[in-house]
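Keep in mind that the numbers below use all heavy atoms, side chains included, and drop hydrogens, waters and symmetry copies. Below, chain A is the first sequence line, B the second, and so on; all start at residue 1.
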Amino acid sequence: MLSALLVMAAIAIVLGAVLGFAAIKFRTEGNPLVDKIDAILPQTQCGQCSYPGCKPYATAIAAGEADINRCPPGGEEGIQKLADLLGVEFKPFGGDTAAPKAKSVAFIDEAICIGCTLCIQACPVDAIAGAAKQMHTIIAAECTGCELCVAPCPVDCISMLVIEEKITNWKWKYPVYSLTTKK
Amino acid sequence: MTEYLLILLSAVFVNNIVMVKILGLCPFMGVSKKLEAAIGMGAATTFVLTLASGSSYLINHYLLGPELSYLTTLSFIVVIAGIVQFTEMVVQKTSPVLYQVLGIYLPLITTNCAVLGIPLLNVQAKHNFMESIFFGMGGALGFTLVMVLFAGMRERMEGADVPAIFKGSAIAMITAGLMSLSFMGFSGLIK
Amino acid sequence: MLFSPFISKPDNVSQIMLKVLLALLPGIALYVWYFGPAILVSITLASLTALGTEALMLRLRNRPIAPFLKDNSALLTGWLLALSIPPLAPWWLIVVGTAFAIAVAKHLYGGLGNNLFNPAMVGYAVLIISFPMQMTHWIAPHGLGQIELGFFDQLEYIFLGVLPHNATLDAITMATPLDTLKTHLHLDQSVQQILDMPIYGQLAGHGSEMVAWGFLCGGLYLLATRIISWHIPVAYLGTLFVIAGIFHLLDPGHYVAPLFHWFSGAAMLGAFFILTDPVSSPTTNKGRLIFAAGAGLITYLIRAFGGFPDGTAFATLLMNICVPLIVLYTQPKVFGKKSPKDNPVHKEGRP
Amino acid sequence: MEISRVLIDNEKMRTLYHFHGGIHPPSNKSQSTQVAIARAPLPSRLVVPLHQHAGEAAKPIVQVGDHVLKGQLIGMPDGFVSSAVHAPTSGTITAIDMQLIAHPSGLPNLCATLIPDGKEEWIPHKAIDYRDHSSAELQQLLRMAGVVGLGGAAFPSDIKLRIGKQKITSLILNGAECEPYITCDDMLMRERAAEIVQGAEMLRFMLDASEVLIGIEDNKPEAIAALKQAIADRGMNHEVVAIPTIYPGGSAKQLIRVLTGLEVPSGKLPTDIGVQCFNVATAYSVYRAFAQGEPLLSRIVTIAGNVRQAQNYEALIGTPIDELIALGVALPDTNGYIMGGPMMGIPLPAVHVPVVKATNCVIAASDRLFPPPPPALPCIRCTRCVEVCPADLQPQDLFWFAQSKEFGRAQAFSLFDCIECGACSYVCPSHIPLVQYYRFAKSEIRAREHDKQLADQARERHEYREHRIEREKQEKADKLAAKEKAAQAAKLNSLQQPTPQQQAELADLEAHRAHIRELAQSGVEHPED
């Protein structure tokens, strides 16, 4: 009995020493995962995930606190990428998250705008130009379509316009005439 | 030397730990979705297994002896756990990406039955120290080999028109089965 | 109107498959000549099962049935399997094998073009491992069996398992030349002694060597019509020849001559019809050489040292496993890049 | 690799090289080479797209109702890669709006509609002697003359002449014209060889190239003879090289390989290996621009396919294609029109779309000429596509990844080295629309990269904003503290100035705000990818 205890104790001491040494020698700091997750997120900063922006959501995912299917602007493809990165199963949208919508940009009806700057304060990416008592304008190229400016507007002059397909942003479609869908 | 080589080859092909002995299926299925992950897992397992075979031989032979043989499994588990912990720290430091890709499967090498199985098989087969090392290394190389091949097949299968209900693990299991079937061709090559 | 290109060559998959089937005919004809018409029964059974299973699976998978049945690929699988198993085997053997090949090895992976393993060889491996007894019912060639069954007797045996009262199973079947060789080598007989037995002909087994010639002719036709490239047959037969040659030179009493290996078992069938299956073989020329050389090596190892008389099927399957990796690491140089290593395949995400 | 030596001028031997793959589709060229190039009659109206070239669209500089003269600038180049657009004849601008054009999307784009007055009244223009000008001046002239590559890609020629410090050894004129049906370059070379070789000399002058090689497929002996004659007449030392007829031998990279043995490195330009390549028709329009002072107003268009008389026409840019087709008389079973050749052309969304600078050929299609392909079967990896791929790719793997949308792996297998020549689709026994899958994957990848860029920008802006808010808070707090301090120090009557660091930060902030205002004012256009 005693010899058994001694043997196990000896093993434990040796292993403990090795691991202790390794813990010092191979110490790692920080979590590079957050940045990797953040790189996949679409950076709309829309808060539809219930976190106050993309980075906080990424942090929450990395900490295992948030599901990967909470980002509607990223679409299913975004979920797939997150699933691949984290080595977890794909999870479809569902529950309390909204389904993805067509990409759009905000548009301010300048005839109605009273220049209150509330939308400017709400815009997470500084995509609205203007000053107090002056008309505001959306810089369309920088608008992420997060809709955060729509609600604060006291005169409802902001609408979301779906980005139309033009020759400049047109994409080739997936060939549909494969065998399974033939006439 | 020939005999060591035979032990090695036998462990890699004829008595492949995954395909013939059907051990270590958990990481085999779990970490074979991507080739780089499979290579990393194979390397980590090879490291752990070779080290574990050697140290478990030493423990079994010098520390435990016949009278304490009831401690074999227990002490092997402890040693393997220690080695895995060590490996985990090394991997995390040297290759954070690989660490991320391997995820939970890295610490789970501890419970990889192949890793415990090979030291126990060593004891059972009464291998000496060198034989134990070669058997351990062969087992691990065999594990790595089939895992890498399997990952290659799974990567290719990603684009295949697999029926919906068989997608993912189901077809992977079937593939593993067919691979195992193919490895039966080696049976009888080395006694 | 669709998109460019608007013109295409008048060629299609079913014609390619049909040509492969045609190329099998000389071998089959010689098979019938030397071993009687029982093989035709197997081929018919295999064809029916293959088409039936294919149709059923397509239906289950909700895919159009007609275009796929017409592509002849299921027929080819059935024929190859029928040619690999003993013609006198009970009827259900070929049915089970073909059904497994088509249903599991082909359709569970997504059907034509998606399978990782050669379906016919999966069927063969399943049969030889599950029913080793029935897989030995090889028919004796004309003039060598103690009793020769008529066609109807053969049918009766295949379907009902009933032999004429004066015949025994041993009297009508016999071991294959490869099997006989292996067994007798174990009995410490020398190769020369064994090859003097009546079942051996000029190069290999009496009759079966002629069938192999038939397959060789068919294979040359496939090469001539550019349906297959030379890489796989040449590398396979070449490797087999070289390794067998080395062993033969070292110990001619124990190891048979390389040509024996060429003309026995499924070597010819494998070299031109099985290993060359485009779906489950590599797509790069270098990869094809590696693939076929590996198959040749494994075939020889299994034949000379392994537990099975022939190794072509297992060699095919084992090398099928390696195909994705072989392809990945034998990518040719892309136009405008310096070397194959310049392709990002070798860079991106590979540790 | 060396495949043949051809005899040039009975003395020099040139070694020709070989590129991998290629196909030999039926050429169908003889139908349209029986008759000489005809000048198409002035159409009833001209629709001139402002985006006919690769790069940024030209900006319209005329108003609806303006009367314009032939050769008058109506679209100003806008952006680095851009080109000018001119009025092809004199008349009145009746609309500047979105019109259907020849584009695979079938979407409209900005066009100027011009109703000709029939007078063909030229704007004043004059010839120049190119030898009196620097290369940079000549480039600017070409840009303003709207000269773009006429082989099909319509890349602005001035950009291709802007070579920096690169030394150009070979100037290659592309007269290969490898696509079936198309004969516009062939006929141009036969009839206007003198102008082409002079244009080539101008290009050579601008590039300071040591040699000029004119590559022509050996199925055009008349063109080869005509060019040789024109060169001999002028005592030039340009070389006309007959190259083997194989599709896609007229693709720039493949042609360069055949003539020089060099491969344009992946992702690089021909100039990086000291070669530059122009279409023969481009050389012709360079000649017109310099020697006659005429901007690019017309081009040769082959009308072929299912028509009674296939022929080449010199048509004004903007001519509605239906008016050209009417000259050849389409047969009754015509069921569509293709702009370009049958291998790489695009189907026209409507037959009234205008001729543009890239329109080398219009083919009337019918089921007899272009039978609809049988339904696609799965890929059986027969690798016939590999055998014919001129870019040494693995088309079956690219297809595999594209159809399952594994774009990363498609890219890793060099998807972007694909030139979309269609040879793989041509030989595919499963009749898979392979090129279509590659186009889809490429455009999807480009869109993703664009999105990624936008996301990165958004992240940066967001982080900046967070940073700014943080700082403003800090500043407020500081101010408050300063006020309190000031109150305390009131007795001393001393007020602290903001530290230099704070001042710098404020200036920074102000600059950023100014930038935002500027952006808002400069319009809200979506940057083109």
**Item:** Heavy-atom pair of closest approach, residues D/A455 and A/P42
**Value:** CB-O, 3.5 Å

**Message:** Between D/P108 and chain A, with a heavy-atom cut-off of 4.5 Å, which part of the residue counts as in contact: side chain, backbone, both or neither?
**Reply:** backbone

**Item:** Within residues 103-150 of chain A or reaching into it, pairs that qualify as ring pair (Phe, Tyr, Trp, His ring centres under 6.0 Å) - sequence neighbours excluded
**Value:** none

**Message:** Are the side chains of A/D38 and D/R459 in contact, using a 4.5 Å heavy-atom criterion?
**Reply:** yes

**Asked** Judged by atom type as modelled, is there a donor-acceptor pair below 3.5 Å linking the side chain of D/Y437 to the main-chain atoms of A/Y174?
**Response** no

**Heavy-atom contact with chain D under 4.5 Å, split by part of A/K173** = backbone

**NZ/NE/NH1/NH2 to OD/OE distance under 4.0 Å, D/R461 and A/D126** = no

**Request:** Let me know if A/C123 has heavy atoms under 4.5 Å from chain D in its side chain, its backbone, both or neither.
**Result:** backbone

**Message:** If you count heavy-atom pairs within less than 4.5 Å of chain A, which of D/E460, D/M98, D/R448 leads?
**Reply:** D/R448

**Request:** Please flag which part of A/E165 lies under 4.5 Å from any non-hydrogen atom of chain D: side chain, backbone, both or neither.
**Result:** both

**Item:** Any residue meeting side-chain contact (heavy atoms from CB on, under 4.5 Å) with A/A60, in chain and number order, not counting sequence neighbours
**Value:** A/Y51, A/E65, A/A66

**Request:** Give, as side chain, backbone, both or neither, the part of D/E466 having an atom under 4.5 angstrom from any heavy atom of chain A.
**Result:** neither

**Asked** Checking A/A39 against chain D: side chain, backbone, both or neither under 4.5 Å from a heavy atom?
**Response** both

**Asked** Would you say A/T144 and D/L454 make side-chain contact, with heavy atoms under 4.5 Å?
**Response** no

**Fill in**
The interface call for D/I469 against chain A, heavy-atom contacts under 4.5 Å, is neither

**Fill in**
Taken to the nearest 0.5 Å, the spacing of A/K171 NZ from D/H450 NE2 works out to 10.5 Å

**Atom group of D/A441 that falls short of 4.5 Å from chain A, counting heavy atoms** = neither

**Prompt:** Heavy-atom distance under 4.5 Å to chain D: side chain of A/P124, backbone, both or neither?
**Reply:** both

**Message:** For the CG atom of D/N109 and the CD1 atom of A/I167, what is their distance to the nearest 0.5 Å?
**Reply:** 4.0 Å

**Item:** Short side-chain to backbone donor-acceptor contact, D/H462 and A/V125, under 3.5 Å
**Value:** no

**Request:** First locate atom CG of D/D451, then atom CD of A/Q43, and finally report the distance between them rounded to the nearest 0.5 Å.
**Result:** 12.5 Å

**Prompt:** Is the side chain of D/S443 donor-acceptor paired with the backbone N or O of A/W172 at a distance under 3.5 Å, no angle test?
**Reply:** yes

**Prompt:** Do A/E77 and D/K405 come close enough that some side-chain heavy atom pair is under 4.5 Å?
**Reply:** no

**Prompt:** Which bit of D/K442 comes within less than 4.5 Å of chain A, counting heavy atoms only: side chain, backbone, both or neither?
**Reply:** neither

**Asked** Do other residues, nucleotides or ligands put more than 12 heavy atoms under 6.0 Å from the NZ atom of A/K103?
**Response** no

